[in-house]
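First comes the structure, then the notes that go with it.
A note on names: the letters A, B, ... follow the listed sequences, proteins ahead of strands, and every chain is numbered from 1.
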Protein chains: 2
Amino acid sequence: MTPNRPTMNDVARTAGVSLKTVSRVVNGETTVAPELAARVHAAVESLDYRPHLGASMLRRNDRRTRTIGVLLDDVSHPFSAALHRAVEDQARAGGIHVLTGSLDRDPVREKALTAAFAERQTDGLILAPSGAELDPHEMPVVYVDRVPTGATGDTVVSTNVSGAAGAVRHLIAHGHRRIGFLGGDRHLSTARDRYAGYQRALGRRAGPAVHDLHDPTDAERAAVSMLRTADPPTALFTTQSMVTIGVVRALRRLGREHSVALVGFDDFPLADLLDPPVTVVAQDPARMGRTAATALFERIDGHDGPPREIRIPTTLIARGSGEL
Amino acid sequence: MTPNRPTMNDVARTAGVSLKTVSRVVNGETTVAPELAARVHAAVESLDYRPHLGASMLRRNDRRTRTIGVLLDDVSHPFSAALHRAVEDQARAGGIHVLTGSLDRDPVREKALTAAFAERQTDGLILAPSGAELDPHEMPVVYVDRVPTGATGDTVVSTNVSGAAGAVRHLIAHGHRRIGFLGGDRHLSTARDRYAGYQRALGRRAGPAVHDLHDPTDAERAAVSMLRTADPPTALFTTQSMVTIGVVRALRRLGREHSVALVGFDDFPLADLLDPPVTVVAQDPARMGRTAATALFERIDGHDGPPREIRIPTTLIARGSGEL
DNA sequence: CTACTGCGAGACAACGTTGTCCCTCCATTT
DNA sequence: AAATGGAGGGACAACGTTGTCTCGCAGTAG
């Protein structure tokens, strides 16, 4: 049996003061005589005492765990990972720590993880909503990337409609008239919004569209069959990086990478090193994460205004694949 | 003022039973009469009661928070992100949740975050050690990616020496005799081990070496100047993906990507789509994460054997850049 | 010299939960 | 009919900490 971790009581005993005095010293109250405080500090050092955050938060008035939850699609996806990192950095500035979870767009997981975080008394939540009904957890929530259905709260999203429309107009400006669309899961507001932008830019001239693509493999297959139709598009617009990468592979496989134009929504690492370099509508996941964290901390600190919907602008980065 | 979250006492009152009976039902004890249990469940539903994990863990005998900490270099780096995700998946199987933090190889951060996690009573820690002295936190720790200095514990690492040696031998087999080395921070065991592998493969014929590179920009600069020396290497070996990417940029900039061979340690997304496709010694971060998590959970469950050093094999993936 | 003030420090309760103990029933046994 | 036993459920303490209250004591004023 290893000895248990020391408690305030142990510190009090070795310092020869009362438990409460230790509490005062540890919490930096100034009403303790310097000599006693020194004895307490010495005891803390010698025992390697660490306060028990769970116990203190049980009794404290503010009830803060100084921990938030971050629930994203997949922490190993570059977009989610960048957003996660930005949230972490923002949190660290305030001494807040982060519980994470990957949802894989699974509403069941979303429910389970929000419940688990609620049991752990996280002070708030940053959530990429999967499109399911959400139960209220009496906890501040900021939604990122997507707009939730049937719930309200601060929301931080990219300018999806205008960003997508801009991408498509860019292709139009380079002479394309028949522009194919390859998009993600229509349960998610991002996919719908980006499709709306595509449609807005093209009006009745909208080209062939494939929806509900997730991974590069699906996307590659879809792109190949789209390009093998009778009247194939001369340009493609993709709504997320995994789809874009699949399409790059498809074009490469067909030897059409220099004859079919491509603009993808969401930037990805090494896009500029491909041949041709891939033109994208870049999102700013770091800024989204910072913004969401800031909004969440305001809510945690009691800010009580109406729900805000914050749009983070996107940037068209012309690298070559969209200028064919 | 929003009403506070309901407690077991509230549930007990609305169900008309004692607090302890609620506790029994919530914890799935079977000694409660079905009729009472049903009343309790109904009350739990109607109040949307959630147990307070902090309070229960304070009193419970096992003292588990069912939360572990994961401290990596940078959760937005592909290697760390993949490892993180694998740990999360393994943890989810056991109903464990994950606190994360990025260390940026900063010993101060490492100390601060391990202390913060200790205060939060995490059941254990998975840590990519930054090379600093570690204080013991009376908590099971599994080290990943690198071997810690001055501490012992289960360690999960890639076969760094043999992997690096294999990469260099691969270049030798393709006729290269003058092979340059571009490596990372020598405070870290990975950089040292990969350099050792490089040296082992080359013996006295070791070529020019640059160390302590971090990001693609530094690496690009270093590669350019190495290739502009009087007797430039005909092949390069890089020890981590950020460096590899920088070197790819350098070769591209010099127009030497088809004349200078390159093998990189650690695979990265889209390496196969570059021109030429990049030959790498692939690590298996997912397996490392799973292995580390499994080892940690064994330790948490009381396994008490001597420290284990688990080596996860690497795989040479020949794609073109190393076969010039 | 007494009464008051204020500050330092301890005693005690409380946070929400679970471990332990004990009491009450009712069914069985003799 | 009385004793026995087991199962269900409640009372109480405890986990490690902080909020509140109170007490003692020194210093000051009257």
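Applying the side-chain hydrogen bond (donor to acceptor under 3.5 Å, both in side chains) rule to pairs touching residues 140-153 of chain A yields A:Asp73-A:Arg146, sequence neighbours excluded. Every pair tested for salt bridge (charged side-chain N to carboxylate O under 4.0 Å, His left out) that includes a residue from residues 17-34 of chain A fails, sequence neighbours excluded, so the list is empty. Screening residues 16-68 of chain B for ring pair (Phe, Tyr, Trp, His ring centres under 6.0 Å) gives no qualifying pairs among residues at least two apart or on separate chains.
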Protein-nucleic acid N or O pairs under 3.5 Å, nucleotides 4-9 of chain D:
from: D:dG8; atom 1: O5'; to: B:Thr31; atom 2: O; distance (Å): 3.3
from: D:dG9; atom 1: OP2; to: B:Ala33; atom 2: N; distance (Å): 2.8
from: D:dG9; atom 1: N7; to: B:Arg24; atom 2: NH2; distance (Å): 3.3

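Atom CZ of A:Arg13 and atom C1' of C:dG10 are 16 Å apart (whole Å). Whole-Å rounding puts the B:Tyr49 OH to C:dG16 C1' distance at 7 Å. For the pair B:His52 NE2 and D:dG16 P, the computed distance is 16 Å after rounding to whole Å.
For DNA chain C, the residues of residues 54-63 of chain A within the heavy-atom distance limit of 4.0 Å (strictly under) are A:Leu58, A:Arg59, A:Arg63, sorted by number.
Between A:Leu125 and A:Thr114, the closest heavy-atom pair is CD2-CG2, 3.6 Å. Scanning all heavy atoms of the two residues, the minimum distance from A:Glu88 to B:Val75 falls at OE1-CG2, 3.8 Å. Taking each heavy atom of A:Asp74 and A:Ser102 in turn, the nearest pair found is CA-OG, 3.7 Å. Counting all heavy atoms, side chain and backbone alike, B:Glu309 lies closest to B:Val157 at OE2-CG2, 4.2 Å.
Note: A:His97 and B:Phe117 have perpendicular aromatic rings, judged against thresholds of 30 and 60 degrees for the angle between ring planes.
Rounded to 10 degrees, the angle separating the terminal axes of the helix from C:dC1-D:dG30 to C:dT30-D:dA1 is 60°, with each axis obtained from five end pairs.
No engagement by A:Asn9 is indicated, since no non-hydrogen atom pair under 4.0 Å with the nucleic acid exists.
A donor-acceptor distance shorter than 3.5 angstrom exists from the side chain of A:Asn160 to the backbone of A:Ser158, with no hydrogens or angles considered.
In this structure, the nucleotide among D:dA11, C:dG10, C:dG16 sitting nearest to the side chain of B:Lys20 is D:dA11.
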